[in-house]
Undergrad: 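Take a look at the following structure, please.
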Amino acid sequence: MAEYHLKAPLTDEDITKLKIGDTVYISGECFTCRSRLQKYIFDEKNVLPFDTKDRNVLIHNGPIVIKENGKWKLVSFMPTSSIRFEKWGAKSVSEWGLKMIVGKTTMGAQTAKMMKEKKCVHVSPRSVSPNLWIDSIDVEDVYLFDELGSIEAAWFFKLHDLGPFIVDIDCNGNNFFDKLDGEIAQRKRNALNELGIDESFEFTKLY
């Protein structure tokens, strides 16, 4: 597997070289969103109050940010589970011109299909210690703070070699977790076979 250090805004050339399982670090500008922002834009038909043309990295994240001495200070950061936002995944890739979505776990078939069409990838954190990343993130601005609240607002971050992330959906529609699930299922079958247990075996239900 390869390792890449990419600078946003990302290009098709950046994206097409990424394969599932590759490690990625990200620098440059990005923005955050959670469910409320996507509902506000896609379901409630409000207009996104900023241009994503040169900010094509989206992080599924609700950061904890406070204001000190008139400046925003990032207190805690960790991408949240992207599969929760599958309803809007394909739309966000298409309408916002995304080249990368950062989030835990993965996304579904419709988003992967749009990623293949538009040349976009999904990456998941390899780290489980989010506050180690704070020094790699500058808070630049925030949009829709009053409308959506601090956690659900769109935060503008500038990243400095943030990572590591693993590419779990590439722009060819391959999904790392689908492959992993298949390997796990095969190992389970092998283990049951070695133990002489039928595959129809079910765990004991206590209640």
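Sequence positions, counted from 1, serve as the residue numbers for this chain.
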Undergrad: Got Met100 and Leu6 here, is their nearest side-chain heavy-atom distance under 4.5 Å?
TA: yes

Undergrad: So for atom NZ, which belongs to Lys7, do other residues, nucleotides or ligands contribute more than 12 heavy atoms lying within a distance under 6.0 Å?
TA: no

Undergrad: State, to 0.1 Å, how close Glu68 and Lys73 come at their nearest heavy-atom pair, and which atoms those are.
TA: OE1-CD, 3.4 Å

Undergrad: Please state whether the rings of Trp72 and Phe145 are parallel, tilted or perpendicular, taking 30° and 60° as the class boundaries.
TA: tilted

Undergrad: Can you list the steps and then say if Arg84 with Arg34 is a side-chain contact (heavy atoms from CB on, under 4.5 Å)?
TA: CA-CA 9 Å; Arg84 299 164 50 204; Arg34 284 167 52 99; 3.8 Å; yes

Undergrad: Check whether any side-chain heavy atom of Asp170 lies under 4.5 Å from a side-chain heavy atom of Leu18, and answer yes or no.
TA: no

Undergrad: Could you tell me whether a side-chain N or O of Ser27 sits under 3.5 Å from a main-chain N or O of Asp161, the two making a donor and an acceptor?
TA: yes

Undergrad: Would you say Ser82 and His60 make side-chain contact, with heavy atoms under 4.5 Å?
TA: yes

Undergrad: Going by the rule ring pair (Phe, Tyr, Trp, His ring centres under 6.0 Å), which residues pair with Tyr25 if we only count those two or more places apart in sequence or in a different chain?
TA: His5

Undergrad: Are Phe50 and Phe156 near enough that their ring centres are under 6.0 Å apart?
TA: yes

Undergrad: Determine whether the side chains of Asn61 and Thr32 contain a donor N or O and an acceptor N or O closer than 3.5 Å.
TA: no

Undergrad: Contact between Ser92 and Leu98 at the side-chain level, heavy atoms closer than 4.5 Å - yes or no?
TA: yes

Undergrad: Quick one: are Ser35 and Trp88 in side-chain contact, heavy atoms under 4.5 Å?
TA: yes

Undergrad: So Ile166 and Asp22, do their side chains get closer than 4.5 Å, heavy atoms only?
TA: no

Undergrad: Is the Phe165 to Trp133 ring centre distance short of 6.0 Å?
TA: yes

Undergrad: Does Trp155 use its side chain to pair, donor to acceptor, with the backbone of Cys33 at less than 3.5 Å?
TA: no

Undergrad: Would you mind reporting whether Val121 and Ile169 have side-chain heavy atoms less than 4.5 Å apart?
TA: no

Undergrad: Scan Arg55, Lys158, Lys71 and name whichever one has a salt bridge (Lys or Arg N to Asp or Glu O under 4.0 Å) with Glu140.
TA: Arg55

Undergrad: Could you tell me whether the side chain of Phe42 reaches within less than 4.5 Å of the side chain of Glu95, counting heavy atoms only?
TA: yes

Undergrad: Decide side-chain contact (heavy atoms from CB on, under 4.5 Å) for Thr80 and Phe85; before the verdict, give the C-alpha distance in whole Å, the side-chain angles of both, and the deciding distance to 0.1 Å.
TA: CA-CA 10 Å; Thr80 192; Phe85 313 125; 3.7 Å; yes

Undergrad: Report the C-alpha distance between Ser136 and Leu159 in whole Å, list the side-chain angles of each, state the deciding distance to 0.1 Å, and finish with yes or no for side-chain contact (heavy atoms from CB on, under 4.5 Å).
TA: CA-CA 6 Å; Ser136 299; Leu159 311 178; over 6 Å; no

Undergrad: More than 12 heavy atoms of other residues, nucleotides or ligands under 6.0 Å from CD of Glu13: yes or no?
TA: no

Undergrad: Start with the C-alpha distance between Asn190 and Asn193, add both sets of side-chain angles, then the distance that settles side-chain contact (heavy atoms from CB on, under 4.5 Å), and finish with yes or no.
TA: CA-CA 5 Å; Asn190 292 343; Asn193 184 60; 5.7 Å; no

Undergrad: Does Lys67, at its NZ atom, have more than 12 non-hydrogen atoms belonging to other residues, nucleotides or ligands within less than 6.0 Å?
TA: yes

Undergrad: What do you reckon, are the aromatic ring centroids of Phe31 and Trp96 less than 6.0 Å apart?
TA: yes

